[in-house]
Amino acid sequence: MTSESCSAKVRANLKHPVVDADGHWRELQPVFLDYLAQVAGGKVADAYRKAAANTYGFNWYDMTPAERSRQRINRPPWWIMPTNTLYRATGMIPKLFQERLDEFGIDYALLYPSLGFQLPRVSDESMRRACIRAYNTMVADMWGPYSKRIAASGVVAMNTPAEAIEEAEYAIKTLGLKLVVANCTVMRTIEADNDIPDPKKRRVYIDGLGLDSPFDYDPVWQKFVDLNIAVTSHVGSMGWPDRRSTSCWVSDHIGHFAQSHHLFARSMFLGGVTQRFPNLNVGFLEGGVGWA
């Protein structure tokens, strides 16, 4: 199969290695829940399972158009998994993924999450930290044996500097991961609205972490430099006020990574982060280059 693939033929004619800079794998949620139960207990795992039931907004299908419009419920993606069994299994099983790298024409793969991208959005801090610790442990266990050709990414939540520093250090030094992905824009409640009883009625803004942030993230940037890892940003802007279409998922999805990257990049520049930390490497993923 390898010799017959178009990708393998292209790779055979190249004189340099091919690195996949933004591959993805599809985590098996039952496996993740097992890890979460080990880290935080069965009750926490069960609470997460129930809360995550509508992660992709599939309650949209149970609503009338009027209900969707009134609550401004995003239309979810209608296709997120291949129907071909081999392709689907490849995205889930580390050994199979590595076995097919030559067929893909890839020498080394940087492998990013799917489920993992949702975890920094967990609002409860204790639940969020438990989920991310469990996730990173799962990544290390499942992908560690294949690190010669694959660097699977852990997750670091940037919601607070202390949280980011603790998990980055654990992921790299304790678990031995080589790569982490961060949510480099954070939706926060405007401080003046914190006393409003109903959280849904509180105004929000998007913090780009560098300019006018309520937290000092300089210790975080220094920690990334010390750990010799890049800040890779792969958080999008789905759910932002201008991305709340109730009927068209494509409308919300087009350009949403670029929009988030634009905010993070200008916040870093205008906040002086790039001047104070000239050795900090930053990667902006899946957003194209037009916005830059």
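Along the sequence shown, residues are numbered consecutively beginning with 1. Values below: all heavy atoms of this structure, side chains included; hydrogens, waters and symmetry mates excluded. Quick caveat: nothing in here was measured; it's all calculated off a predicted structure.
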Peer 1: In terms of hydrophobic clusters joined by side-chain contacts under 4.5 Å, are Y146 and I93 together?
Peer 2: yes
Peer 1: So, do V225 and W221 sit near enough that their side-chain heavy atoms are less than 4.5 Å apart?
Peer 2: no
Peer 1: Mind jotting down which residue pairs meet the side-chain hydrogen bond (donor to acceptor under 3.5 Å, both in side chains) criterion with at least one end in residues 194-205? Sequence neighbours excluded, please.
Peer 2: D193-R203
Peer 1: Go through the steps for S260 and T185 under the test side-chain hydrogen bond (donor to acceptor under 3.5 Å, both in side chains), then give the verdict.
Peer 2: CA-CA 7 Å; S260 178; T185 56; 3.1 Å; yes
Peer 1: Among V235, V155, V181, whose side chain to side chain contact (heavy atoms under 4.5 Å, CB included) with F117 holds?
Peer 2: V181
Peer 1: Show the nearest heavy-atom pair for residues W249 and W78, with the distance to one decimal.
Peer 2: CE3-CZ3, 3.5 Å
Peer 1: Rounded to the nearest 0.5 Å, what separation is found between the CD atom of E67 and the CD1 atom of I73?
Peer 2: 9.5 Å
Peer 1: Nearest 0.5 angstrom please: L111 CG to L179 CG, how far?
Peer 2: 9.0 Å
Peer 1: Are L175 and L36 linked, directly or through intermediate hydrophobic residues, by side-chain heavy-atom contacts shorter than 4.5 Å (ILVMFWY only)?
Peer 2: yes
Peer 1: Is any side-chain heavy atom of D20 closer than 4.5 Å to one of F104?
Peer 2: no
Peer 1: Taking salt bridge (Lys or Arg N to Asp or Glu O under 4.0 Å) as the test, write out the residues that go with E191, two or more places apart.
Peer 2: none
Peer 1: Regarding D102 and R149, does a basic nitrogen lie under 4.0 Å from an acidic carboxylate oxygen?
Peer 2: yes
Peer 1: I'd like to know if R49 pairs up with D46 as an ion pair, taking the criterion as any Lys NZ or Arg NE/NH1/NH2 lying under 4.0 Å from an Asp or Glu carboxylate oxygen.
Peer 2: yes
Peer 1: Report yes or no: do V39 and Y35 belong to one cluster of Ile/Leu/Val/Met/Phe/Trp/Tyr joined by side chain heavy-atom distances under 4.5 Å?
Peer 2: no
Peer 1: Would you check if E167 and Y170 make a side-chain contact, meaning some heavy-atom pair closer than 4.5 Å?
Peer 2: yes
Peer 1: So, S245 versus D252: side-chain donor-acceptor pair below 3.5 Å or not?
Peer 2: no
Peer 1: To the nearest 0.5 Å, what is the distance between CD1 on I172 and CD1 on I229?
Peer 2: 4.0 Å
Peer 1: Report, one line per pair, each donor and acceptor closer than 3.5 Å where one atom sits in a side chain of residues 277-292; sequence neighbours left out.
Peer 2:
from, atom 1, to, atom 2, distance (Å)
E286, OE1, H24, NE2, 3.3
E286, OE1, H234, NE2, 3.2
W291, NE1, G288, O, 3.1

Peer 1: Do V139 and V122 belong together in a cluster built from hydrophobic side chains that touch within less than 4.5 Å?
Peer 2: yes
Peer 1: Would you sort out whether E166 and R133 count as a salt bridge (charged side-chain N to carboxylate O under 4.0 Å, His left out), showing the intermediate values?
Peer 2: CA-CA 10 Å; E166 180 181 323; R133 179 59 56 88; 3.7 Å; yes
Peer 1: May I ask you to test the Q98-W143 pair for a side-chain heavy-atom distance under 4.5 Å?
Peer 2: no
Peer 1: Indicate, with yes or no, if W240 and V186 share a hydrophobic cluster defined by side-chain heavy-atom contacts under 4.5 Å among Ile, Leu, Val, Met, Phe, Trp and Tyr.
Peer 2: no
Peer 1: Search all heavy atoms of L263 against all heavy atoms of G208 and return the closest pair with its distance.
Peer 2: CG-CA, 4.2 Å
